[in-house]
Participant: 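Sharing a structure below in structure tokens format, with a few things to ask.
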Amino acid sequence: MMFDTVIKGGTIFAPEKSFVGDIGVTGEKITEIKESGSLEGTYVIDASGKYVFPGFIDPHVHIHLPFMGTNAIDDHESATKAALVGGTTTIIEMICPGPEDEPANAFAEWKGLAEEGCCCDYTFHLAVVRFDDLAKEQLRGLVENEGVQSFKIFLAYKGALDMNDENLFQLMQLCKELGVTLTAHCENAEAIDSMQKKLLAEGKTGPEWHEPSRPRSVEADGVNHLCSFAELTKATIYIVHTSCGIAVDRAIEARGRGVDVTVEAVAPHLVLDKTYAERPNFEGAKFVMSPPLRDKQEHDALWRGLAIGAVSTIGTDHAPFNFKGQKDMGTEAFTLIPNGIPSIQERVDLIHTHGVCTGKIEMQTMVDVCSTNVAKQFNMYPRKGALALGSDADIVVYDPNFAGTFKHEDGLSKIDYSGFEGMERKGRSDVVLLRGKVVAEQGNFVGELGAGTYIAR
Ligand code: URP
Ligand code: ZN
Ligand code: ZN
């Protein structure tokens, strides 16, 4: 049989095992996988000496993001070209409406923008900020009719995106009823607000004060709080961008009490530490995100969590704000620096370089936490997240021997800096296929603009 495309002789990471073999693709699907086989195809990709992975999935991305008085700088085209070049073939974008916005309008707005520009496949977590009767009715409708399967809440950003306990408890009851996963930014909006005011009053205005305004205990408190409500409501929860060991511990303790909780890490927290945000001349602003970058020892806590399965996924929390014209809105007060450190393009290579090449995690763990576990957690498996018969032919041929450094000039995001500039880079997505079509080669986007599809879940 002649396949449309054959990926030949690579080390294939199939569910449960890896082996050298060939993959046959027909149309948009994987139609054959042969161990030490010899398939024939119209188009043949030589993968010898390389790894063959399922397309990576980023569970935490912001593209259209009106936030802190500005908008994230990427559009769906730039962000998803960057994603594909870095081996990410599906993203889950956070829909983040304001407190006055109706959820149904927000969903339509975000989906419309994604339909126009997304070059990779996409789906959404819907942030719930407004929670009156109309919003509740619309949330039900979006779950029933539009394939929305996960909501998002912020226990942070007082007065902008945060949610009070009355609404949180009711929302979690609704999540349980609808079978929806509640993803959550876990901090404590009130504590942060008080600490920010105190620091500013003391004249502590620079980006280096961002971390002290929301220390680890604030994050652990948010995790505890959410877990307590989950214990009572039996809602399924997913804690996004967990930055430190004690926050992971609080979640795992709750898991021991029967709480259905999953923990996400994001790339910046695994490789950057709080000294970056302490860089002089306001350069630290490039490294302001929430929860903040922590002490270096927290990297080990997170890697250990990943290695033992306490932390199940790695996303990016891609939230790009230019240094000039956006981050510098906060020169007078760190509380006005738009929060975010983008890494949609760099994620997989950062995890390969800092996790796999250092022996902190196995290659199989990288595949699981950056792809398979995300697909399973968010109801896309095995269509996504697996090299298996019948799965979408989202495939990454990965060159582990590529060696270089991370450079802003290689980035396809519109951001004006790289948080990883000059850092060592080991590995590169050599060829990336999205539903059977080659969309990226050796760091270049070669796909079709706007060819991404919405994954209703
Ligand atoms: O700093 C961050 N994380 N910015 C994006 C918004 C959020 O909290 O996820
Ligand atoms: Zn967040
Ligand atoms: Zn985020």
Side-chain angles (χ1 to χ4, degrees), residues 58-74 79 83 91-98 110 122-129 150-163 168 182-189 192-193 196 207 209-211 213-214 218-219 221-223 225-226 237-244 247 263-270 272 274 276-277 284-294 313-323 326-327 329-330 334-344 347 374 378 413 415 417 419:
D58 191 335
H60 187 160
V61 171
H62 302 271
I63 300 175
H64 178 47
L65 177 63
F67 184 53
M68 296 186 73
T70 185
N71 279 283
I73 199 69
D74 269 331
I91 58 162
I92 312 184
E93 185 185 2
M94 302 279 178
I95 297 176
C96 287
W110 260 260
Y122 57 93
T123 189
F124 300 103
H125 302 305
L126 174 60
V128 180
V129 183
S150 42
F151 296 153
K152 166 84 186 286
I153 50 122
F154 292 89
L155 302 181
Y157 310 126
K158 183 175 152 118
L161 296 170
D162 64 328
M163 173 168 274
L168 177 61
L182 184 64
T183 73
H185 174 137
C186 288
E187 292 186 288
N188 181 313
I192 294 164
D193 185 58
Q196 286 179 337
W209 295 104
H210 177 70
E211 199 278 340
S213 76
R214 45 212 313 155
V218 167
E219 189 178 342
D221 179 66
V223 171
H225 188 61
L226 189 81
I237 55 173
Y238 174 95
I239 298 168
V240 301
H241 52 37
T242 312
S243 74
C244 56
V263 178
E264 172 195 90
V266 293
H269 289 140
L270 286 159
L272 303 172
K274 73 175 190 188
Y276 285 81
K286 293 177 182 172
F287 302 95
V288 166
M289 69 175 290
S290 295
L293 299 179
R294 305 290 188 193
T313 61
I314 302 178
T316 59
D317 198 7
H318 184 77
F321 296 99
N322 277 341
F323 184 56
Q326 294 191 297
K327 291 279 187 183
M329 290 160 61
F334 67 87
T335 50
L336 302 177
I337 300 169
N339 289 198
I341 307 174
S343 59
I344 200 167
R347 174 182 63 141
V374 182
F378 293 114
S413 163
I415 183 84
Y417 72 96

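Order of listing sets the numbers, starting from 1, for every ligand and every atom in it.
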Participant: Do S413 and H318 come close enough that some side-chain heavy atom pair is under 4.5 Å?
Facilitator: yes

Participant: Start with the C-alpha gap between F287 and H210, add the side-chain angles, then the distance that decides, and say whether ring-ring contact (aromatic ring centres under 6.0 Å, His included) holds.
Facilitator: CA-CA 10 Å; F287 302 95; H210 177 70; over 10 Å; no

Participant: If you look at every heavy atom in I63 and I91, which pair is closest and at what distance?
Facilitator: CD1-CD1, 3.6 Å

Participant: Just to be sure I understand the site: which N, O or S atoms from the protein are less than 2.8 Å away from the Zn ion (ligand 2)?
Facilitator: H185 ND1, H241 NE2

Participant: Does a side chain donor of either H62 or H64 reach within less than 3.5 Å of an acceptor in the other side chain?
Facilitator: no

Participant: State which residues pass ring-ring contact (aromatic ring centres under 6.0 Å, His included) with F151; sequence neighbours excluded, sorted by chain then number.
Facilitator: none

Participant: Search all heavy atoms of R347 against all heavy atoms of P59 and return the closest pair with its distance.
Facilitator: NH1-CD, 4.0 Å

Participant: Students often mix this up, so state it plainly: with edges at 30° and 60°, are the rings of Y157 and F67 parallel, tilted or perpendicular?
Facilitator: perpendicular

Participant: Just by distance, with hydrogens left out, do T70 and Q326 show a side-chain donor and acceptor under 3.5 Å apart?
Facilitator: yes

Participant: For ligand 1, find each of its N or O atoms that sits under 3.5 Å from a protein N or O atom, and tabulate the pairs with distances to one decimal place.
Facilitator:
{"unit_1": "ligand 1", "atom_1": "1 (O)", "unit_2": "S290", "atom_2": "N", "d": "2.8"}
{"unit_1": "ligand 1", "atom_1": "3 (N)", "unit_2": "S290", "atom_2": "O", "d": "2.8"}
{"unit_1": "ligand 1", "atom_1": "3 (N)", "unit_2": "D317", "atom_2": "OD2", "d": "2.5"}
{"unit_1": "ligand 1", "atom_1": "4 (N)", "unit_2": "N339", "atom_2": "O", "d": "3.0"}
{"unit_1": "ligand 1", "atom_1": "8 (O)", "unit_2": "Y157", "atom_2": "OH", "d": "2.6"}
{"unit_1": "ligand 1", "atom_1": "8 (O)", "unit_2": "H185", "atom_2": "ND1", "d": "3.0"}
{"unit_1": "ligand 1", "atom_1": "9 (O)", "unit_2": "H62", "atom_2": "NE2", "d": "3.1"}
{"unit_1": "ligand 1", "atom_1": "9 (O)", "unit_2": "D317", "atom_2": "OD1", "d": "3.2"}

Participant: Hey, what's the angle at the Zn ion (ligand 3) spanning NE2 (H60) and NE2 (H62), nearest 10 degrees?
Facilitator: 110°

Participant: Apply side-chain contact (heavy atoms from CB on, under 4.5 Å) to E187 and list each qualifying residue two or more places apart in sequence or on a separate chain.
Facilitator: A156, H185, I192, R214, V218, S290, P291, P292

Participant: Can you confirm whether T316 sits close enough to V61 that some side-chain heavy atom of one is under 4.5 Å from a side-chain heavy atom of the other?
Facilitator: yes

